[in-house]
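Structure, as structure tokens:
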Amino acid sequence: MNKMMMIALGTAVALGSTATLAGPQPDLNVRSENEGVATTATKQNSTASTGSLNVKGSSLRNSKIDVYSQNNKVKTNATGVGSTAATGSALINKSALQGSEIKVHSYNQEAKTTASGKESTAATGSVLIKNSTLKNTKIKVNSHNEGSVTTASGSYSKAATGSVLLENARPAQNVKINVSSQNHGVKTTASGYNSDSSTGSMTFE
């Protein structure tokens with residue numbers, strides 16, 4: 001098994017573990033808490049950063065994946081412009097997820113401008129699964145935004161802020177998906193203009 005695990009800024013990355021593993025699979029737990037971040041929790045054009053999970057080409061059969069992200073008083077935004085699966089999100093690509101359970105909980109309080117930057121994809125407490133095998137898989141997303149002064153999802157965003165986006169995920173047999181999105185005191189909008197299935201949404205492509 002060729003497996004690399006890297007922890008940085010509360011982010012877990014697993015690459016290249018394609019072999020079928022015997023016995024129980026390891027659990028992946030990511031917890032990120034940011035308090036009083038003055039500008040942003042994620043830079044622009046970033047991928048799976050700040051308390052996110054990034055898995056590519058891995059065997060995660062019968063695994064439990066838990067991502068918890070909490071941002072309090074983030075003054076400008078929690079996700080930068082053009083970012084993918086950032087700030088408390090899970091990005092899984094080319095992996096086997098049979099029998100696995102994925103939980104993502106994102107809590108943002110008093111984010112002064114936005115929780116997901118414009119042109120972002122599946123950011124801020126979202127799940128993005130690409131080119132992977134799903135069978136008997138459970139996906140649960142809980143997104144809670146409170147006191148966001150302008151918006152929870154920026155313009156031109158796609159499946160952002162507490163959303164699930166499945167791209168070429170097969171075969172979708174006996175898959176259970178639960179998405180819960182709560183937005184309190186969001187002063188202008190929960191989804192920016194020209195956005196595609198964002199803010200507590202499910203998208204299948």
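Excluded from the calculations below are hydrogen atoms, water molecules and symmetry mates; all remaining heavy atoms, backbone and side chain alike, are included.
Across all their heavy atoms, G51 and S32 have their closest contact at CA-CB, 3.3 Å. The two residues T42 and S83 come nearest to each other via the heavy atoms CG2-CB, 4.4 Å. Scanning all heavy atoms of the two residues, the minimum distance from S153 to T151 falls at O-OG1, 2.9 Å. Here the closest heavy-atom approach between residue G125 and residue V141 is recorded as O-CG1, 3.2 Å. Annotation for V179 and M202: closest pair CG2-CG, 3.6 Å, computed over non-hydrogen atoms. T189 and V186 make their closest contact through O-CG1, 3.1 Å (heavy atoms, listed as atom of the first residue, atom of the second, distance).
By the 4.5 Å heavy-atom criterion applied to side chains, K130 and L128 are counted as neighbours. The shortest side-chain heavy-atom distance between I102 and L53 does not fall under the 4.5 Å cut-off. The side-chain heavy atoms of E33 and E35, taken from C-beta on, include no pair separated by under 4.5 Å. Between Q182 and N142, the closest side-chain pair of non-hydrogen atoms falls below 4.5 Å.
Aromatic ring centres of H105 and H144 lie farther apart than the 6.0 Å criterion allows.
Side chain of T137 to main chain of K135: a donor-acceptor pair is present (N/O by atom type, distance under 3.5 Å, no hydrogens or angles). Listed for the S198 side chain is no donor-acceptor partner under 3.5 Å among the backbone atoms of S191. Using modelled atom types, one side-chain atom of T124 and one backbone atom of A115 make a donor-acceptor pair closer than 3.5 Å. For S126 (side chain) and S163 (main-chain N/O), a donor-acceptor pair under 3.5 Å exists by modelled atom type. A donor-acceptor contact shorter than 3.5 Å is absent between the side chain of S120 and the backbone of V81. Between the S100 side chain and the L60 main chain, a donor and an acceptor come within less than 3.5 Å of each other. In this structure, S157 contributes its side chain and S155 its backbone to no donor-acceptor pair below 3.5 Å. In this structure, the side chain of S132 engages the main chain of S95 through a donor-acceptor pair within 3.5 Å. A donor-acceptor contact shorter than 3.5 Å links the side chain of T87 to the backbone of A78. Panel note: side chain T161, backbone A152; a donor-acceptor pair is recorded below 3.5 Å.
Inspection of the S52 and N54 side chains reveals no N or O donor paired with an N or O acceptor under 3.5 Å.
Both I177 and I65 belong to a single network of hydrophobic side chains, linked directly or stepwise wherever heavy atoms of I, L, V, M, F, W or Y lie under 4.5 Å apart. One hydrophobic cluster, built from ILVMFWY side chains closer than 4.5 Å, holds both L28 and V127. When hydrophobic clusters are built by joining Ile, Leu, Val, Met, Phe, Trp and Tyr residues whose side-chain heavy atoms come closer than 4.5 Å, directly or via intermediates, L97 is grouped together with V104.
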*Hey, mind stepping through N136 and N174 against side chain to side chain donor-acceptor pair (under 3.5 Å) and telling me if it holds?*
CA-CA 5 Å; N136 301 321; N174 195 25; 2.6 Å; yes

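N108 pairs with exactly one of T79, T114, N71, N72 by the side-chain hydrogen bond (donor to acceptor under 3.5 Å, both in side chains) rule, that one being N71.
Atom OH of Y68 is surrounded by more than 12 heavy atoms from other residues, nucleotides or ligands within 6.0 Å. Applying the 6.0 Å contact sphere to CZ of F204 captures more than 12 heavy atoms from other residues, nucleotides or ligands.
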